[in-house]
*Asks:* 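Have a look at this one.
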Amino acid sequence: LTSKPYVFEARPWELKKTETVDVMDAVGSNVRVDTYDWEVKRVLPLINEDINEEWISDKTRYACDGLSNQRLDTPFIKYNGKFEKASWSEVFKIIKSKFENSSKDKVCGFVGDLTNMETGYIFKEFFDRTLNNNKYDSRSDNRFLDNSERENYIFNSSINGIEDADLIFLIGANPRYEATILNARIRKAFVNNNTKVISLNDVGDLTYPYKNLDGQTQTVKTIFEGSEEISKEIISASKPMIIIGESLLKFNSAEHLFNLIKNFLKKNNKFTEDWNPLNILSCDAATVGNFDLGILNSEQNLLEELKSNKFEIVFLVGQDNLEFNKKDEFVIYQGSHGDKGAEIADIILPGSAYTEQDGYFTNLEGKIQKAYKASYPPGDAKEDWQIINELAEVMNNRKLFNDKEELESSMFNYLKLQQEKQKTENKVKTNSEFQNEKLNIHLKDYYFSNVIARSSKTMIECSNSKLNIKLTGTEG
């Protein structure tokens with residue numbers, strides 16, 4: 001089985017091999033990245049029994065050619081609708097004067113889905129310390145999130161735990177597309193233990209048989225009020241797993257359903273010392289890390305304010321999934337690829353992709369793993385944390401952190417404090433109202449789920465082969 005895109009690219013002994021972490025989904029598979037000069041030539045799996053065993057998904061393996069296409073390699077400034085190349089000092093000067101000439105509550109910031117935790121943390125510090133403003137978020141949709149406890153947004157049963165479960169209930173999730181490696185584990189559990197799998201929706205082929213229900217949120221409500229056949233199955237299961245997908249959390253009644261599910265499981269003593277049945281299936285590599293760092297704003301709905309054009313400056317770090325009609329906002333985009341975010345930007349700061357900087361990522365079960373630098377950023381691009389640090393220095397003559405070590409230790413201290421704070425805090429739950437809705441699972445297009453995949457020729461070919469486009473021979 002030879003890898004077609006890699007054929008004739010390089011000899012194995014010419015490649016530099018770096019063991020790192022994958023960011024195509026939230027599983028955080030361990031991979032080996034092989035580089036020749038600065039180009040990533042191939043990505044291979046590393047064995048990690050707790051996460052991906054010896055497997056990686058097709059996307060992880062083949063989307064790596066996206067790392068050399070569509071790259072931003074120098075700062076750009078938009079003059080009269082056209083991008084002109086600029087130097088770092090020019091760009092920083094313009095940003096500084098923009099920040100000084102607008103009031104601080106007219107500035108907002110969004111962190112993207114592939115950002116490592118150091119970048120997220122220094123971004124938050126930049127807003128908190130340099131701009132004295134807390135209008136930042138990492139969500140690109142209005143999903144419900146109760147971050148008073150860490151268990152409310154991670155995959156608590158762990159990936160290994162899938163094999164111990166005796167009942168798996170998927171609500172608003174399609175693990176085959178959202179977390180491929182995790183789906184392979186569910187299949188393994190089915191094959192070895194004949195684990196029963198129930199899905200609220202019919203989500204197509206998951207590679208194992210499952211029982212599907214009618215896809216109404218009313219069904220979830222009646223099950224977790226305890227009046228259905230399935231309620232009894234969950235109660236009688238010794239280790240049930242409830243997997244909640246991001247699609248469910250986007251609903252108006254998400255809060256009601258989430259609290260209902262959690263209370264039902266608590267009431268029936270399903271939370272034990274060695275088993276936590278509540279699981280949230282995150283889709284993006286940075287999601288859990290950003291929530292751990294508290295990069296969210298629960299007081300205001302920033303997305304609504306952004307859509308009604310209330311801000312003067314919008315700072316995006318690797319965030320390409322925001323949908324808003326730009327009017328007079330000044331958009332600063334920092335990222336590695338020329339994608340949707342760079343299109344609407346007025347200033348582009350070229351950052352690094354995940355293979356070009358050391359950085360921590362937290363996977364969906366809350367494990368922190370370090371991605372190591374395998375190559376270096378192209379052209380004048382810099383590491384993401386460094387850009388924000390230098391920008392802070394330009395703005396008030398002091399760097400936020402002297403070096404990467406100081407940034408890391410500060411970040412880990414912050415995480416430790418947050419976890420201790422969560423143990424002491426107990427928020428009073430509000431009862432939100434319920435309305436019945438048909439649960440549609442919104443999937444990002446699997447082959448184009450992030451900027452790297454969207455820039456990859458291999459992924460475009462994969463997507464086209466699914467669409468079955470008839471070739472005429474005139475494509476060139």
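Here the structure is a predicted model, which is why all the values come from computation and not from measurement.
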*Asks:* So does Lys16 have more than 12 non-hydrogen atoms from other groups sitting under 6.0 Å from NZ?
*Replies:* yes
*Asks:* Verify side-chain contact (heavy atoms from CB on, under 4.5 Å) between Leu415 and Leu417, making sure each step is shown before the conclusion.
*Replies:* CA-CA 5 Å; Leu415 289 172; Leu417 285 171; over 6 Å; no
*Asks:* Tell me the closest heavy-atom pair linking Val21 and Lys370, and the distance in Å.
*Replies:* CG2-O, 3.4 Å
*Asks:* Is Lys438 atom NZ crowded by more than 12 heavy atoms from other residues, nucleotides or ligands, each under 6.0 Å away?
*Replies:*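 Yes, NZ of Lys438 has more than 12 neighbouring heavy atoms, counting only those of other groups under 6.0 Å.
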*Asks:* Would a 4.5 Å heavy-atom cut-off, applied to side chains only, mark Leu200 and Val220 as touching?
*Replies:* yes
*Asks:* With heavy-atom distances below 4.5 Å as the criterion, would you say the side chains of Thr18 and Lys373 are in contact?
*Replies:*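 They are not in contact (no side-chain heavy atoms under 4.5 Å apart), so the answer is no.
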*Asks:* If you measure from CD on Glu356 to CH2 on Trp38, what distance do you get to the nearest 0.5 Å?
*Replies:*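 Rounded to the nearest 0.5 Å, the CD-CH2 separation comes to 6.0 Å.
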*Asks:* Between Asp65 (side chain) and Lys457 (backbone), is there a donor-acceptor pair under 3.5 Å?
*Replies:* yes
*Asks:* Between CD of Gln70 and CG of Asp339, what distance do you get to the nearest 0.5 Å?
*Replies:* 7.5 Å
*Asks:* Does Ile244 reach the side chain of Ile242, with side-chain heavy atoms less than 4.5 Å apart?
*Replies:* yes
*Asks:* If you take all heavy atoms of Glu54 and Ile47, which pair is closest and at what distance?
*Replies:* CB-CG1, 3.8 Å
*Asks:* Checking Glu53 against Arg185 for the salt bridge (Lys or Arg N to Asp or Glu O under 4.0 Å) test, could you report, in this order, the C-alpha distance in whole Å, the side-chain angles of both residues, the deciding distance, and whether it holds?
*Replies:* CA-CA 9 Å; Glu53 298 176 301; Arg185 274 292 170 108; 3.2 Å; yes
*Asks:* Under a 3.5 Å threshold, yes or no: a donor from one side chain and an acceptor from the other, between Thr355 and Tyr372?
*Replies:*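 No - no donor-acceptor pair under 3.5 Å links their side chains.
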*Asks:* Measure from NZ or CZ of Arg42 to the centre of the six-membered ring of Tyr6 and say whether it is under 6.0 Å with the direction within 45° of the ring axis.
*Replies:* yes
*Asks:* Under 30°, 30 to 60°, or over 60°: which ring-plane class applies to Phe127 and Tyr136, parallel, tilted or perpendicular?
*Replies:*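 Correct class here is perpendicular.
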*Asks:* Are Lys106 and Phe311 in a cation-pi setup, meaning NZ or CZ lies under 6.0 angstrom from the ring centre and within 45 degrees of the ring axis?
*Replies:* no
*Asks:* Just wondering, do Pro175 and Leu206 contact through their side chains at under 4.5 Å, heavy atoms?
*Replies:*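 A side-chain contact exists here, since the closest heavy-atom pair is under 4.5 Å.
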*Asks:* Are Ser449 and Lys59 close enough that a side-chain donor and a side-chain acceptor fall under 3.5 Å?
*Replies:* yes
*Asks:* Quiz question: by atom type and distance under 3.5 Å, do the side chains of Glu90 and Ser87 form a donor-acceptor pair?
*Replies:* yes
*Asks:* For the CG atom on Asn325, are there more than 12 heavy atoms of other groups (residues, nucleotides or ligands in this structure) within a distance under 6.0 Å?
*Replies:* no
*Asks:* Does the side chain of Glu437 come under 3.5 Å of the side chain of Ser253 through a donor N or O and an acceptor N or O?
*Replies:* yes
*Asks:* Treating Asn290 as the side-chain partner and Val111 as the backbone partner, does any N or O pair qualify as donor plus acceptor under 3.5 Å?
*Replies:*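 The answer is no, because no donor-acceptor pair under 3.5 Å joins these two groups.
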*Asks:* What's the separation between atom OG in Ser158 and atom CD in Glu365, rounded to the nearest 0.5 Å?
*Replies:* 5.5 Å
*Asks:* Using a 4.5 Å cut-off on heavy atoms from C-beta on, say whether the side chain of Glu329 contacts that of Asn309.
*Replies:*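 Result yes, sub-4.5 Å side-chain heavy-atom pair found.
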*Asks:* Donor-acceptor pair, distance only, cut-off 3.5 Å: does the side chain of Lys78 make one with the backbone of Ile348?
*Replies:*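 Not confirmed, Lys78 side chain does not pair with Ile348 backbone.
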*Asks:* Answer whether the closest heavy-atom distance between the side chains of Asn152 and Ser148 falls below 4.5 Å.
*Replies:* yes
*Asks:* List the steps, then state whether side-chain contact (heavy atoms from CB on, under 4.5 Å) holds for Met24 with Asn450.
*Replies:* CA-CA 7 Å; Met24 292 291 144; Asn450 58 43; 3.4 Å; yes
*Asks:* Indicate yes or no for a side-chain donor-acceptor contact from Asp22 to the backbone of Val31 under 3.5 Å, with no hydrogens or angles considered.
*Replies:* no
*Asks:* Take atom CH2 in Trp88; do more than 12 heavy atoms of anything else shown fall under 6.0 Å from it?
*Replies:* yes
*Asks:* Step through the shown structure and confirm whether more than 12 heavy atoms of other residues, nucleotides or ligands are within 6.0 Å of CD on Glu299.
*Replies:* yes
*Asks:* More than 12 foreign heavy atoms under 6.0 Å from CG of Asp37: is that the case here?
*Replies:*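 Check passes, neighbour count above 12.
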*Asks:* Do you know which two heavy atoms are closest between Leu72 and Gly335, and how far apart they sit?
*Replies:*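 Closest heavy-atom pair between Leu72 and Gly335: CD1-O, 3.5 Å.
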*Asks:* Does the pair Glu390/Lys382 count as a salt bridge with the N-to-O cut at 4.0 Å?
*Replies:*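 So Glu390 pairs with Lys382 through a salt bridge.
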*Asks:* Give a yes or no answer on whether the side chain of Asp73 reaches the backbone of Ala381 with a donor-acceptor pair at less than 3.5 Å.
*Replies:* no
*Asks:* Yes or no on ring pair (Phe, Tyr, Trp, His ring centres under 6.0 Å) for Tyr333 and Phe315, after CA distance, side-chain angles and deciding distance?
*Replies:* CA-CA 6 Å; Tyr333 176 76; Phe315 191 168; 9.6 Å; no
*Asks:* Evaluate side-chain contact (heavy atoms from CB on, under 4.5 Å) for Leu114 paired with Val451, printing each intermediate quantity in order.
*Replies:* CA-CA 9 Å; Leu114 300 180; Val451 280; 3.8 Å; yes
*Asks:* Between Phe126 and Arg398, is there a cation-pi geometry (under 6.0 Å to ring centre, at most 45° from the normal)?
*Replies:* no
*Asks:* If you round to the nearest 0.5 Å, how far is NZ of Lys262 from CD of Glu151?
*Replies:*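 Answer for the CD-NZ pair, Glu151 versus Lys262, is 4.0 Å.
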*Asks:* Other residues, nucleotides and ligands only: do more than 12 of their heavy atoms fall within 6.0 Å of CZ on Phe324?
*Replies:*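 Counting neighbours around CZ of Phe324, more than 12 heavy atoms of other residues, nucleotides or ligands fall under 6.0 Å, so yes.
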*Asks:* Heavy atoms only: give me the nearest Thr130-Asn396 pair and the separation to one decimal.
*Replies:*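 Reported closest heavy-atom pair: CG2-ND2, 3.9 Å.
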*Asks:* Can a donor-acceptor pair be found between the side chains of Asp292 and Tyr153 at a distance below 3.5 Å?
*Replies:* yes
*Asks:* Where do Gln334 and Leu316 land on the side-chain contact (heavy atoms from CB on, under 4.5 Å) test, with the steps shown first?
*Replies:* CA-CA 6 Å; Gln334 174 183 329; Leu316 306 175; over 6 Å; no
*Asks:* Quick one: does any side-chain atom of Asn116 pair with a main-chain N or O of Phe361 as donor and acceptor, under 3.5 Å?
*Replies:* no
*Asks:* Using a strict 4.0 Å threshold on nitrogen-to-oxygen distance, state whether Lys41 and Glu9 make a salt bridge.
*Replies:*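 Yes, Lys41 and Glu9 are salt-bridged.
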*Asks:* What's the spacing between Asn142 CG and Lys250 NZ if we round to 0.5 Å?
*Replies:*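 Rounded to the nearest 0.5 Å, the CG-NZ separation comes out at 10.5 Å.
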*Asks:* Locate the shortest heavy-atom distance separating Asn297 from Lys135; write the atom from each residue and the value.
*Replies:*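 Looking at all heavy atoms of both residues, the shortest contact is ND2-CA, 3.6 Å.
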*Asks:* Using atom types as modelled and distance alone, determine if a side-chain donor or acceptor of Asn48 lies under 3.5 Å from a backbone N or O of Asn52.
*Replies:*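 Checked: no pair found.
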*Asks:* Knowing that exactly one of Asp284, Asp141, Asp25 qualifies, which makes a salt bridge (charged side-chain N to carboxylate O under 4.0 Å, His left out) with Lys444?
*Replies:*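 Of the listed options, the one satisfying the test is Asp284.
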*Asks:* Quick one: does any side-chain atom of Gln319 pair with a main-chain N or O of Asn321 as donor and acceptor, under 3.5 Å?
*Replies:* yes
*Asks:* Between the side chains of Asp346 and Lys326, is the shortest nitrogen-to-carboxylate-oxygen separation below 4.0 Å, so that they form an ion pair?
*Replies:* yes
*Asks:* Can you check whether Glu246's main-chain N or O pairs, donor with acceptor, with Arg143's side chain at less than 3.5 Å?
*Replies:*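 Absent.
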*Asks:* Please examine the side chains of Leu391 and Asn389, heavy atoms only from C-beta on, and report whether any two atoms are closer than 4.5 Å.
*Replies:*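 Asn389 vs Leu391: side chains apart.
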*Asks:* Taking all non-hydrogen atoms of both residues, which atom of Met459 and which atom of Tyr447 are closest, and how far apart?
*Replies:*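 Here Met459 and Tyr447 meet closest at CB-O, 3.5 Å.
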*Asks:* Ring-plane angle category for Phe434 and His256, please: parallel below 30°, perpendicular beyond 60°, tilted otherwise.
*Replies:*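 It falls in the tilted class, 30° to 60°.
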*Asks:* Side chains of Leu182 and Leu281: closer than 4.5 Å at any heavy-atom pair?
*Replies:* yes
*Asks:* So, does Asn363 use its side chain to make a donor-acceptor pair with the main chain of Val27 at under 3.5 Å?
*Replies:* yes
*Asks:* To the nearest 0.5 Å, what is the distance between CD on Glu406 and CG on Leu400?
*Replies:* 9.5 Å
